[in-house]
Amino acid sequence: SKNGILPEQALDLIKAISELKNIKIEGLMTMAPLKEDPELARPFFKATKQLFEEIKALSIENIEMKTLSMGMSHSYKIAIEEGATEVRLGTILFGER
């Protein structure tokens, strides 16, 4: 039920948004496919971290890459290992819906 953009579309979108002076991008967020084995999320987290660092290195005006949000209750440990600065822990804190 959630949507975003594909990684290969991110840089073009970020460059376009950087021209909007009242909007500031401060990082990236990803949701890896939900799999029983959290280790299967690692390649998605690695790729997002790499994209995050690439965008950060470009020093695009109005873009401040400081937040990397990835990992949820089942995969947060892997996400932290791969460089997440924020994780989303709904189920582990509040239980199943």
Side-chain angles (χ1 to χ4, degrees):
S1 67
K2 295 169 181 67
N3 292 300
I5 61 167
L6 296 172
E8 55 270 17
Q9 299 169 322
L11 184 55
D12 288 340
L13 179 61
I14 287 170
K15 285 180 179 178
I17 291 172
S18 74
E19 297 176 15
L20 304 172
K21 297 304 174 196
N22 291 322
I23 297 177
K24 186 171 186 174
I25 292 179
E26 296 187 346
L28 299 178
M29 181 181 105
T30 192
M31 293 181 68
L34 186 57
K35 304 286 184 185
E36 195 163 320
D37 180 0
E39 189 63 40
L40 296 174
R42 190 177 296 277
F44 296 95
F45 297 155
K46 276 185 185 278
T48 303
K49 172 67 171 179
Q50 181 179 351
L51 179 60
F52 176 86
E53 294 298 338
E54 289 172 10
I55 294 167
K56 188 175 187 176
L58 292 174
S59 298
I60 302 168
E61 188 175 337
N62 202 33
I63 304 296
E64 185 179 356
M65 300 303 281
K66 60 183 182 180
T67 302
L68 182 56
S69 177
M70 51 187 194
M72 298 190 298
S73 293
H74 70 287
S75 62
Y76 74 94
K77 291 178 184 177
I78 303 295
I80 291 169
E81 289 173 5
E82 295 301 333
T85 62
E86 292 184 3
V87 292
R88 299 172 308 281
L89 303 177
T91 302
I92 202 169
L93 295 174
F94 304 111
E96 295 289 334
R97 293 182 198 180

> Salt bridge check: are Lys66 and Glu86 linked by an N-O gap of less than 4.0 Å?
Replying inline: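 Salt bridge: no.
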> Thinking salt bridges, do Glu53 and Lys49 make one under a 4.0 Å N-O criterion?
Replying inline: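 Salt bridge: yes.
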ILVMFWY cluster, [X] and [Y] together (side-chain gap under 4.5 Å):
X	Y	value
Ile60	Leu28	yes
Ile55	Ile23	yes
Ile14	Met29	no
Met70	Leu40	no
Ile5	Phe44	no

>> Keeping Asn62 on the side-chain end and Glu19 on the backbone end, is there a donor-acceptor pair under 3.5 Å?
In response: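 No; judged by distance alone, with no hydrogens or angles, the pair does not exist.
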>> Quick check: do Glu82 and Gln50 have side-chain heavy atoms less than 4.5 Å from each other?
In response: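 Heavy-atom side-chain distance check fails, nothing below 4.5 Å.
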>> For a 4.5 angstrom cut-off between non-hydrogen side-chain atoms, does Met72 reach Thr91?
In response: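 Sidechains of Thr91 and Met72: no contact.
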Separation of [Y] [atom2] from [X] [atom1] (nearest 0.5 Å):
X	Y	atom1	atom2	value
Ser73	Glu96	OG	CD	8.5 Å
Glu39	Asp37	CD	CG	6.5 Å
Leu13	Glu8	CG	CD	12.5 Å
Ile25	Thr67	CD1	OG1	12.0 Å
Lys46	Leu51	NZ	CG	15.0 Å
Glu26	Ser69	CD	OG	13.0 Å

>> Pair Met65, Glu54 - check side chain to side chain contact (heavy atoms under 4.5 Å, CB included), show working.
In response: CA-CA 10 Å; Met65 300 303 281; Glu54 289 172 10; over 6 Å; no
> Applying the side-chain contact (heavy atoms from CB on, under 4.5 Å) test to Leu68, which of Thr48, Val87, Thr30 qualifies?
Replying inline: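 Per the side-chain contact (heavy atoms from CB on, under 4.5 Å) rule, the option paired with Leu68 is Thr48, out of Thr48, Val87, Thr30.
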> What are the two closest non-hydrogen atoms of Phe45 and Ala32, and how far apart are they?
Replying inline: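 Minimum heavy-atom separation between Phe45 and Ala32: CE2-CB, 3.9 Å.
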> So, for Pro38 and Ser75, which heavy atoms are closest and what is the spacing to 0.1 Å?
Replying inline: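 Scanning both residues completely, I find the closest heavy atoms to be CB-CA, 4.0 Å.
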